[in-house]
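Every chain is numbered from 1 and lettered A, B, ... according to where its sequence line falls, protein lines coming before strand lines.
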Protein chains: 2
Amino acid sequence: MKSYGQFCALARGLDVIGDRWTLLIVRELLVGSRRYSELVDGLPGIATNLLAERLRSLDEAGVVVRDTEGRYRLTEWGQGLSEPLYAIARWAAPLMSAPIGDDAFRSPWLALPVAVIFSGVDPRRPRLTVEIRAGDTPVTIESRSGRVWVEPRSAQSPDLVLTGPPDAIVGLLMGALDAAGAAQHGVTVEGDLQELENLRTQPGSVEVVPVDE
Amino acid sequence: MKSYGQFCALARGLDVIGDRWTLLIVRELLVGSRRYSELVDGLPGIATNLLAERLRSLDEAGVVVRDTEGRYRLTEWGQGLSEPLYAIARWAAPLMSAPIGDDAFRSPWLALPVAVIFSGVDPRRPRLTVEIRAGDTPVTIESRSGRVWVEPRSAQSPDLVLTGPPDAIVGLLMGALDAAGAAQHGVTVEGDLQELENLRTQPGSVEVVPVDE
DNA sequence: CTGCATCCGGGCCGATACTG
DNA sequence: CAGTATCGGCCCGGATGCAG
């Protein structure tokens, strides 16, 4: 990308991550390291030459590295993009109430709204395992030691299983739909939905910013 | 911009703000409402047709409105972009240690590092007025009632005046330069620099997220 | 003078084909 | 599997024109 040529942190940051597709590539890598073909699958619509070119420039900028097994992963600095990325997703949340239409969906993308909704540490948060079946592969939401984690796999013995179309699942997670509304949109619930509600950080709780681990 | 066609908050957000120049336009409007010509001046390098086109699409998306006097301003939703924008700037801070080179500079851009460095409310933060003379026009940093504000004007009776080249001023603000290093780079200080240090939020302080006002 | 619109060359994007 | 090559088209960038 051509540099903006401005002595400004925003402009210089956008010189690195402002190109089309770049932040979506980072979204994929935030979940974990990925192979080239996995990135292609997680980024429906991207041209393969563009993906290669973006990975190359992200490598040069120090955001991404390619390890010995040929997998791509974020550098420590690249991991720091989670904050800007979550901030954009949080800001864009109202846009998710528009129907899914012909938009593509991949279940690992659920990690994003979950990270936005259940961010931070709350020691009062109960232990819980939730399996979500929306889209191609199941994902597991797990709450332990006050934090909420998302992984792209099925759960061993989930306390709660949600099944349904992606937009209704996301609407339910984000509070745009209640249990009745979600059911109307084809969501089925196995277990007690209230347990999921209990995962939300309470207003009076102390939010501790996690140190790097 | 062509939509990514992905049911994902990040992708849908980038459908709105992912275009080249768009976030820099928002940066300009975060400081306050601006006329078209003021935007052109604050965005060195932008083509006028691109600015017009971006403003139009931001208007359609509900991020920007044009008021009766022909001035552009952010909607309430548009103001919400401050968080993603600050997050990107915070992430990109290391890039600001590279020399300014041929990069353009406008003093209102100082509002960004100041917002990043002195964000949040700290009741123990002392009252202070600082005038910064870097680039074309002076800006004033003011600390009152625990918060720090930046405005593109000169101060009435500043407690502290910093004068110097933009990169050295930013380096000093961000802690990449100390007093001696900044002096070496041409920064002159009238007043006690320690007072500026006292503005930084103390680690033990309670950070209160401001409610909308 | 402000606030754009038009025009045009060049570069980036997007889709597909192809290769080690 | 992991990209490279190619090419049409659209978007960007810079200059200029022009209406209120």
Side-chain angles (χ1 to χ4, degrees), chain A residues 1-6 8 10-11 14-29 32-61 63-73 102-104, chain B residues 1-6 8 10-11 14-29 32-61 63-74 102-104 106:
Chain A
M1 135 170 293
K2 189 185 174 186
S3 166
Y4 285 109
Q6 297 187 358
C8 160
L10 178 67
L14 291 175
D15 283 345
V16 176
I17 57 162
D19 257 324
R20 191 161 162 80
W21 289 107
T22 300
L23 277 183
L24 297 187
I25 293 171
V26 173
R27 173 195 70 192
E28 293 300 303
L29 294 176
S33 73
R34 289 290 165 91
R35 314 181 54 141
Y36 189 87
S37 55
E38 294 172 324
L39 288 172
V40 170
D41 185 63
L43 294 162
I46 198 173
T48 61
N49 59 340
L50 274 191
L51 176 56
E53 207 272 329
R54 294 294 183 271
L55 288 170
R56 204 177 307 134
S57 64
L58 284 174
D59 187 355
E60 286 170 13
V63 176
V64 158
V65 287
R66 190 181 176 194
D67 65 19
T68 53
E69 298 168 4
R71 302 179 66 86
Y72 293 93
R73 61 177 72 247
D102 291 333
D103 282 1
Chain B
M1 134 169 292
K2 188 185 174 186
S3 167
Y4 286 109
Q6 297 186 359
C8 161
L10 178 67
L14 291 175
D15 284 345
V16 175
I17 56 162
D19 257 324
R20 190 162 163 78
W21 290 107
T22 301
L23 277 183
L24 297 187
I25 294 172
V26 173
R27 173 195 70 192
E28 293 300 303
L29 294 175
S33 73
R34 290 289 165 93
R35 310 183 53 131
Y36 188 87
S37 55
E38 294 172 323
L39 288 172
V40 170
D41 185 62
L43 295 162
I46 197 172
T48 60
N49 59 341
L50 273 190
L51 176 56
E53 207 270 330
R54 294 294 183 273
L55 287 170
R56 202 178 310 131
S57 64
L58 284 175
D59 187 355
E60 287 170 12
V63 175
V64 157
V65 287
R66 193 179 175 192
D67 65 19
T68 53
E69 297 167 5
R71 302 180 67 86
Y72 294 92
R73 61 177 71 249
L74 294 171
D102 291 332
D103 282 2
R106 298 289 184 277

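Rounded to whole Å, atom C1' of dC11(D) lies 13 Å from atom CG of Asp19(A). Rounded to a whole Å, the CG atom of Leu55(A) is 10 Å from the P atom of dT4(D). Rounded to whole Å, the distance from CG on Leu51(A) to P on dA5(D) is 16 Å. Atom CG of Leu50(B) and atom P of dC8(C) are 18 Å apart (whole Å). Protein atom CD of Gln6(B) is 12 Å distant from nucleotide atom P of dG14(C), rounded to whole Å. Remark: P of dT6(D) and CD of Glu53(A) are 17 Å apart, rounded to the nearest angstrom. Between the CG atom of Asp15(B) and the C1' atom of dC13(C) there is a distance of 15 Å, rounded to whole Å. Atom CD of Glu69(A) and atom C1' of dC1(D) are 15 Å apart (whole Å).
Closest contact between the side chain of Trp21(B) and the listed nucleotides dG13(D), dC4(C), dC13(C) involves dG13(D). Picking from dC13(C), dG3(C), dA5(C) the nucleotide with the shortest atom distance to the side chain of Arg35(B) gives dG3(C). Among the nucleotides dG14(D), dC13(C), dT4(D), the one closest to any side-chain atom of Ala52(A) is dT4(D). Checking dA5(D), dA15(D), dC12(D) against the side-chain heavy atoms of Arg54(B) singles out dC12(D) as nearest. Considering only side-chain atoms of Arg66(B), the nucleotide from dC4(C), dG14(C), dC12(D) that sits closest is dC4(C). The Tyr72(B) side chain lies nearest to dC4(C) when the options are dG14(C), dC4(C), dA5(C). Checked against dG13(D), dC4(C), dT2(C), the side chain of Lys2(A) finds its nearest nucleotide in dG13(D).
Judged by distance alone, the side chain of Tyr4(B) and the main-chain N or O of Trp21(A) form a donor-acceptor pair under 3.5 Å. In this structure, Arg54(B) contributes its side chain and Arg20(B) its backbone to a donor-acceptor pair below 3.5 Å. No donor-acceptor distance shorter than 3.5 angstrom exists from the side chain of Tyr36(B) to the backbone of Gly70(B), with no hydrogens or angles considered.
Salt bridge annotation for Asp67(B)-Arg73(B): present, with a cationic side-chain nitrogen under 4.0 angstrom from a carboxylate oxygen.
Minimum interatomic distance between Glu28(A) and Gly42(A) (heavy atoms only, all atoms of both residues): OE2-O, 3.3 Å. Contact detail for Leu23(A) and Leu10(B): the closest heavy-atom pair is O-CD2, 3.7 Å.
Partner of Leu55(A) under the side-chain contact (heavy atoms from CB on, under 4.5 Å) criterion, chosen from Thr22(A), Leu50(A), Ile25(A): Ile25(A).
DNA chain D lies under 4.0 Å from at least one heavy atom of each of the following residues of residues 36-47 of chain B: Gly45(B), Ala47(B).
Arg56(A) comes within 4.0 angstrom of the backbone, heavy atoms only, and of no base.
Contact of Thr48(A) with dA2(D) (side chain to base): no donor-acceptor pair of N or O atoms is detected under 3.5 Å. On a pure distance criterion of 3.5 Å, no polar donor-acceptor pair joins the side chain of Asn49(A) and the base of dG3(D).
With rounding to the nearest 0.5 Å, the separation of CD in Gln6(A) from CG in Leu24(B) is 5.5 Å.
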